[in-house]
Structures are given as structure tokens and as C-alpha cells.
Peer 1: 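Quick one: this structure, given as C-alpha cells, is what I'll be asking you about.
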Amino acid sequence: MNQLIPISIDGIKLIQLSQLSMEQSNELRNILPADSIKKMLYQGLELNDCILFEIYEYWLRNQQFTLRIEETVYDF
């Protein structure tokens with residue numbers, strides 16, 4: 001799984017959930033509190049599905065760790 005490059009708005013690193021696959025986006029939406037998904041203005045555009053990059057990074061690291069554990073379990 002490739003890591004997204006964040007956008008910086010007012011010094012805050014963010015990613016848009018719409019940049020992820022539908023499955024990944026839905027998974028994140030299901031585990032995050034609704035108030036963690038932000039609406040931001042960027043170069044005159046309203047971005048409705050932004051989350052902090054650090055939340056995304058944390059989730060991504062855990063996803064990769066979980067995938068490695070599953071691969072190891074099925075190796076037996």
C-alpha cells in the first residue's frame with residue numbers, strides 16, 4: 001500500500017479520504033469520530049473529506065502491521 005503525500009493548509013498536513021480507494025476510505029470513516037473529518041478551503045476549493053495526516057499515517061502503519069501478521073499466520 002502506497003502512502004499518500006499530504007497537502008498543507010495553514011500549516012496543517014492533511015489528506016483527503018477521496019484520494020484513497022473506496023474500501024480504505026470507508027474503513028477510515030467507520031473508525032473515526034465524525035468531527036475528525038474536516039471541511040477545508042484550499043486554493044478556492046472546498047475539500048469536504050480531510051483528515052489529519054498523522055491520523056492517516058497511524059492507520060496506515062497499523063494496516064501494514066495487520067497485513068504482515070495475517071501473512072505470517074497463513075504461512076504455517
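These numbers were taken from a predicted model, which means no experiment stands behind them. Counting begins at 1 with the first residue of the sequence.
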Peer 1: Let me check something: do F53 and I31 share a hydrophobic cluster, defined by ILVMFWY side-chain heavy atoms less than 4.5 Å apart, either directly or through other members?
Peer 2: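 They do share one cluster, since a chain of ILVMFWY contacts under 4.5 Å joins F53 to I31.
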Peer 1: For the CD1 atom of I15 and the CG atom of L28, what is their distance to the nearest 0.5 Å?
Peer 2: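 Separation between the atoms: 6.5 Å.
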Peer 1: With sequence neighbours left out, what residues match S21 under side chain to side chain donor-acceptor pair (under 3.5 Å)?
Peer 2: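 With sequence neighbours excluded, S21 shows a side chain to side chain donor-acceptor pair (under 3.5 Å) to Q24, given in chain and number order.
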Peer 1: Taking atom CD of E23 as the centre, report whether more than 12 heavy atoms of other residues, nucleotides or ligands fall under 6.0 Å from it.
Peer 2: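 12 or below, so no.
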Peer 1: Testing the basics here: between S8 and Y42, what is the closest heavy-atom pair and its distance to 0.1 Å?
Peer 2: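 Scanning both residues, the minimum pair turns out to be O-CE1, 4.0 Å.
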Peer 1: Between atom SG of C50 and atom CD of Q19, what is the distance when rounded to the nearest 0.5 Å?
Peer 2: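 That separation rounds to 8.5 Å.
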Peer 1: Rounded to the nearest 0.5 Å, what separates atom CG in L52 from atom OG in S36?
Peer 2: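 Nearest 0.5 Å value for the CG-OG distance: 8.0 Å.
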Peer 1: Tell me whether the count of non-hydrogen atoms from other residues, nucleotides or ligands lying under 6.0 Å of CD1 in I5 goes above 12.
Peer 2: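 No - once you tally the heavy atoms of other residues, nucleotides and ligands closer than 6.0 Å, there are 12 at most.
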Peer 1: How far apart are the closest heavy atoms of K38 and D35, and which atoms are they?
Peer 2: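 Residues K38 and D35, closest heavy atoms: NZ-O, 3.0 Å.
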Peer 1: Give, for atom CD of E27 and atom CG of L32, the distance between the pair rounded to the nearest 0.5 Å.
Peer 2: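 Those atoms lie 10.0 Å apart.
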Peer 1: For a 4.5 angstrom cut-off between non-hydrogen side-chain atoms, does E57 reach Q3?
Peer 2: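 Side chain of E57 against side chain of Q3, heavy atoms only: contact under 4.5 Å found.
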Peer 1: How close do I37 and D49 get, counting heavy atoms only, and between which atoms?
Peer 2: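 Minimum heavy-atom separation between I37 and D49: CG2-CA, 3.8 Å.
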Peer 1: Looking at CD1 of I7 and CD1 of I12, how far apart are the two atoms once the value is rounded to the nearest 0.5 Å?
Peer 2: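 Reported value, rounded in 0.5 Å steps: 11.0 Å.
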Peer 1: Counting only heavy atoms from other residues, nucleotides and ligands, does the tally under 6.0 Å from CG of D10 exceed 12?
Peer 2: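 It does not: D10 CG has 12 such atoms or fewer within range.
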Peer 1: Tell me if a side-chain donor or acceptor on Y56 pairs with a main-chain N or O of L4 at a distance below 3.5 Å.
Peer 2: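 Pair found, side chain donor or acceptor close to backbone of L4.
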Peer 1: Between CE of M40 and CG of N48, what distance do you get to the nearest 0.5 Å?
Peer 2: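 If I round to the nearest 0.5 Å, the distance is 12.0 Å.
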Peer 1: Is it true that Y58 and L14 fall in one hydrophobic cluster, defined by side-chain heavy atoms closer than 4.5 Å?
Peer 2: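 Different hydrophobic clusters.
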